[in-house]
K.L.:
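Quick one: structure below, then a few questions.
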Amino acid sequence: MAKTILLTTTSFQDTPGEHLELLAASGLNVVTARGPLSEKAVLDIIKTQGPFDGFLNGDDQITAAVIDAALPSLRVIAKYGIGLDSIDVNYATSKKLPVLFTPGVNHTTVAEHAFGLIIAIAKSFWFHMRSVKNGSWARKTGNELWGKTLGVIGVGRIGKEMVVRGNAFGMNCIGFDTYWDQAFADANKLRRLASMDDVLREADVVSLHTNLTEETRHMINTDRLAIMKKGAILINTARGGLVDEKAVAEACRSGKLLGYGTDVMDEEPIKAPHPFLEIDNVIVTPHVGSRTHESVQRQGLRAARNLVNFLSGNADYIQANKF
């Protein structure tokens, strides 16, 4: 009997490419849904359309309850992406359930998106675009990036790409990470600071590139916003939960921050009422930082290979929770 998988990630489904061809040729039965899905929504699908041998999921809530409901037929969770905070990885590990992921496929795309947000804030794009379309031609004086200090918190693959682009814009690059690639830092004029707070104090632009954990949740809060430069720019293309959204909104309203550019929210999609919807110097994009034709195919192909290979006994897959 053919194996059945649940496919929920929308960019995988909506973007043509080799990833779809691979899945179509796999012989798997594919049940599709439009994520990101809540725990309840996933449980309902398991009850009405399961059982499933595998998940190919995005940011759906794969909780302990979901895992229990999907077992014993569920053999693998294949994340389309690298962020695993929506999956109860510890529980999956306790059940000897592999969680696969796709590192190294979207760093250039996300860094490009982050720099787009930086420029949009520095030049007040949202204000100016709305002004022109409303026929008023109102203008604000913007800010150059050249000579400013870019602070990167989390210098992994995406953080490194930010440094490369910061150098191209003539920025001075500083960073903090518990794991440090000194060879990269030396080659790219990246200065290591002793703490995240040191980066926040010194940077004109702060870009977040860390995982969301209990330790990093709301790491950007009222106290940390207070130590940032007046008129600094804050960028988040990592996870919405890294920031206290109410505190960031107040910092943008007060002028403490020049603006906040984000591709991620603590709760997605954004729901009204939300303070970000009322503030011109907050720019929110709908979690599309990695959603380019090039990146979707790289990420989708790796995710599809992970899933298909695992279920067929091929050892070419990338597992996040080794056991």
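Residue numbers run from 1 in the order of the sequence given. This one's a predicted model, so the numbers in the text were calculated from it and none came from an experiment.
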K.L.:
Is there a donor in the side chain of Thr292 and an acceptor in the side chain of Thr109, or the other way round, less than 3.5 Å apart?
P.N.:
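There is such a pair between these side chains.
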K.L.:
List the steps, then state whether side chain to side chain contact (heavy atoms under 4.5 Å, CB included) holds for Thr8 with Thr32.
P.N.:
CA-CA 6 Å; Thr8 58; Thr32 60; over 6 Å; no
K.L.:
Which heavy atom of Ala70 sits nearest to which heavy atom of Phe55, and what is that distance?
P.N.:
CB-CZ, 3.9 Å
K.L.:
Distance alone, cut at 3.5 Å: any donor-acceptor contact between the side chains of Asp263 and Thr285?
P.N.:
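Yes.
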K.L.:
State, yes or no, whether a side-chain contact exists between Ile5 and Leu307 at a heavy-atom distance under 4.5 Å.
P.N.:
yes
K.L.:
Under 3.5 Å, which donor-acceptor pairs link side chains of residues 10-19 to any protein atom two or more places apart or in another chain?
P.N.:
{"residue": "Thr10", "atom": "OG1", "partner": "Arg291", "partner atom": "NH1", "Å": "3.4"}
{"residue": "Ser11", "atom": "OG", "partner": "Tyr80", "partner atom": "OH", "Å": "2.9"}
{"residue": "Gln13", "atom": "NE2", "partner": "Thr9", "partner atom": "O", "Å": "3.2"}
{"residue": "Gln13", "atom": "NE2", "partner": "Ala33", "partner atom": "O", "Å": "2.9"}
{"residue": "Asp14", "atom": "OD1", "partner": "Arg34", "partner atom": "NH1", "Å": "2.9"}
{"residue": "Asp14", "atom": "OD2", "partner": "Arg34", "partner atom": "NH2", "Å": "2.9"}
{"residue": "Asp14", "atom": "OD2", "partner": "Arg291", "partner atom": "NH2", "Å": "3.3"}
{"residue": "Thr15", "atom": "OG1", "partner": "Ser11", "partner atom": "O", "Å": "3.0"}
{"residue": "His19", "atom": "NE2", "partner": "Phe12", "partner atom": "O", "Å": "3.1"}
{"residue": "His19", "atom": "NE2", "partner": "Thr15", "partner atom": "O", "Å": "2.9"}

K.L.:
Could you tell me whether the side chain of Asn306 and the main chain of Ala304 form a donor-acceptor pair under 3.5 Å?
P.N.:
no
K.L.:
To the nearest 0.5 Å, how far apart are CG in Asp68 and CG in Leu74?
P.N.:
11.0 Å
K.L.:
Please evaluate residues Glu294 and Arg298 with respect to the criterion salt bridge (charged side-chain N to carboxylate O under 4.0 Å, His left out), reporting the C-alpha separation (whole Å), side-chain torsions for both, the decisive distance (0.1 Å), and the verdict.
P.N.:
CA-CA 6 Å; Glu294 298 84 358; Arg298 289 193 301 266; over 6 Å; no
K.L.:
Any side-chain to backbone donor/acceptor pair from His128 onto Ser124? Under 3.5 Å, distance only.
P.N.:
yes
K.L.:
Start with the C-alpha distance between Thr262 and Ile283, add both sets of side-chain angles, then the distance that settles side chain to side chain contact (heavy atoms under 4.5 Å, CB included), and finish with yes or no.
P.N.:
CA-CA 6 Å; Thr262 186; Ile283 294 181; over 6 Å; no
K.L.:
Would you say the side-chain atoms of Gln61 and Ser38 include a donor-acceptor pair closer than 3.5 Å?
P.N.:
no
K.L.:
Before accepting this row, confirm whether a basic side-chain N of the pair Asp316/Arg302 lies closer than 4.0 Å to the acidic partner's carboxylate O.
P.N.:
yes
K.L.:
Show the atom names and distances, to 0.1 Å, of all donor-acceptor pairs under 3.5 Å that link a side chain in residues 41-54 to residues at least two apart or in another chain.
P.N.:
{"residue": "Asp44", "atom": "OD2", "partner": "Lys40", "partner atom": "NZ", "Å": "2.9"}
{"residue": "Thr48", "atom": "OG1", "partner": "Asp44", "partner atom": "O", "Å": "2.8"}
{"residue": "Asp53", "atom": "OD2", "partner": "Thr4", "partner atom": "N", "Å": "2.8"}

K.L.:
Grab the two heavy atoms, one from Ala203 and one from Lys229, that are nearest each other, plus how far apart they are.
P.N.:
O-CD, 3.7 Å
K.L.:
Roughly how far, to the nearest 0.5 Å, is CG of Leu7 from CG of Leu28?
P.N.:
11.0 Å
K.L.:
Taking the side chain as every heavy atom from C-beta outward, state whether Val132 and Asn134 have any atom pair closer than 4.5 Å.
P.N.:
no
K.L.:
Flag the pair Leu97 / Ile77 as yes when at least one side-chain heavy-atom distance between them is below 4.5 Å, and no otherwise.
P.N.:
yes
K.L.:
Any chance you could lay out the side chain to side chain contact (heavy atoms under 4.5 Å, CB included) test for Leu234 and Ile220, step after step, and finish with the verdict?
P.N.:
CA-CA 10 Å; Leu234 179 63; Ile220 303 299; 3.9 Å; yes
K.L.:
Under a 4.5 Å cut-off applied to non-hydrogen side-chain atoms, are Asn211 and Thr216 in contact?
P.N.:
no
K.L.:
At their closest point, which heavy atom of Tyr317 faces which heavy atom of Asn314, and how far apart are they?
P.N.:
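For Tyr317 versus Asn314, the nearest heavy atoms are CD2-O, 3.3 Å.
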K.L.:
Quick one: do Leu84 and Lys79 satisfy side chain to side chain contact (heavy atoms under 4.5 Å, CB included)? Show the steps, please.
P.N.:
CA-CA 8 Å; Leu84 300 175; Lys79 173 66 188 283; 3.9 Å; yes
K.L.:
How long is the gap from CZ on Arg217 to CG on Leu212, to the nearest 0.5 Å?
P.N.:
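The CZ atom of Arg217 sits 4.5 Å away from the CG atom of Leu212.
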K.L.:
Does the side chain of Val164 reach to within under 4.5 Å of the side chain of Asn188, using non-hydrogen atoms?
P.N.:
yes
K.L.:
Is Leu56 reachable from Leu37 through a run of I, L, V, M, F, W or Y residues, each pair having side-chain heavy atoms under 4.5 Å apart?
P.N.:
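No, it is not one cluster - the side chains of Leu37 and Leu56 are not joined through contacts under 4.5 Å.
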K.L.:
Show me the donor-acceptor pairs, under 3.5 Å and distance only, between side chains in residues 142-162 and residues at least two apart or in other chains.
P.N.:
{"residue": "Lys148", "atom": "NZ", "partner": "Glu144", "partner atom": "O", "Å": "3.0"}
{"residue": "Lys160", "atom": "NZ", "partner": "Asp181", "partner atom": "OD2", "Å": "2.8"}
{"residue": "Glu161", "atom": "OE1", "partner": "Arg165", "partner atom": "NH1", "Å": "2.6"}

K.L.:
When you measure from the side chain of Asp60 to the backbone of Ile62, do you find a donor-acceptor pair of N or O atoms at a distance under 3.5 Å?
P.N.:
no
K.L.:
How about Thr93 and Asn90: does a side-chain donor come under 3.5 Å of a side-chain acceptor?
P.N.:
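Per modelled atom types, Thr93 and Asn90 side chains form no pair under 3.5 Å.
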K.L.:
Are Leu311 and Leu23 co-members of a hydrophobic cluster defined by side-chain heavy atoms under 4.5 Å apart?
P.N.:
yes
K.L.:
Please tell me if the side chains of Gln299 and Ser290 come closer than 4.5 Å, counting only heavy atoms from C-beta onward.
P.N.:
yes
K.L.:
Grab the two heavy atoms, one from Asn321 and one from Phe323, that are nearest each other, plus how far apart they are.
P.N.:
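Residues Asn321 and Phe323, closest heavy atoms: O-CD2, 3.0 Å.
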K.L.:
So, do Val243 and His218 sit near enough that their side-chain heavy atoms are less than 4.5 Å apart?
P.N.:
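In short, these two side chains do not touch, never coming nearer than 4.5 Å.
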K.L.:
CD/Glu245 to CG/Asn221 distance, rounded to the nearest 0.5 angstrom?
P.N.:
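Those atoms lie 13.5 Å apart.
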K.L.:
Indicate if Met265 and Val282 have the same hydrophobic cluster label, given that clusters are the connected sets of ILVMFWY residues with side-chain heavy-atom separations under 4.5 angstrom.
P.N.:
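Linked within one cluster.
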K.L.:
Is the count of non-hydrogen atoms from other residues, nucleotides or ligands lying under 6.0 Å from Lys123 atom NZ greater than 12?
P.N.:
no
K.L.:
What verdict does the salt bridge (charged side-chain N to carboxylate O under 4.0 Å, His left out) test give for Arg192 and Asp177, after you've listed the backbone C-alpha separation in whole Å, the side-chain angles of each residue and the deciding distance to 0.1 Å?
P.N.:
CA-CA 8 Å; Arg192 184 181 193 181; Asp177 202 325; over 6 Å; no
K.L.:
If I compare all heavy atoms of Thr222 with all of Ala247, which pair ends up nearest, and what's the gap?
P.N.:
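Heavy-atom minimum between the residues: OG1-CB, 3.5 Å.
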K.L.:
How long is the straight-line distance from OG of Ser136 back to CZ of Phe127, given to the nearest 0.5 Å?
P.N.:
6.5 Å
K.L.:
Check whether any side-chain heavy atom of Leu242 lies under 4.5 Å from a side-chain heavy atom of Thr210, and answer yes or no.
P.N.:
yes
K.L.:
Can you confirm whether more than 12 heavy atoms, excluding those of Lys133, are under 6.0 Å from its NZ atom?
P.N.:
no
K.L.:
Would you call Arg224-Asp244 a salt bridge at under 4.0 Å N-O?
P.N.:
no
K.L.:
Same cluster or not: Leu71 versus Leu100, using hydrophobic residues (I, L, V, M, F, W, Y) connected whenever any side-chain heavy atoms lie under 4.5 Å apart?
P.N.:
no
K.L.:
Which pair of heavy atoms, one from Asn106 and one from Ser295, lies closest together, and at what distance?
P.N.:
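Minimum heavy-atom contact is CB-OG, 3.4 Å.
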K.L.:
Is Asp85 paired with Arg239 through a side-chain N to carboxylate O contact shorter than 4.0 Å?
P.N.:
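The answer is yes: the pair qualifies as a salt bridge.
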K.L.:
Check the pair Tyr260, Asn281 against side-chain hydrogen bond (donor to acceptor under 3.5 Å, both in side chains), reporting the backbone distance first and the verdict last.
P.N.:
CA-CA 7 Å; Tyr260 177 56; Asn281 57 342; over 6 Å; no
K.L.:
Atom CG in Leu193, atom CD1 in Ile174: separation rounded to 0.5 Å?
P.N.:
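One gets 5.0 Å once the value is rounded to the nearest 0.5 Å.
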K.L.:
State yes or no: do Leu258 and Met171 share one hydrophobic cluster built from I, L, V, M, F, W and Y residues joined by side-chain heavy-atom distances below 4.5 Å, directly or via other members?
P.N.:
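Yes, one cluster joins them.
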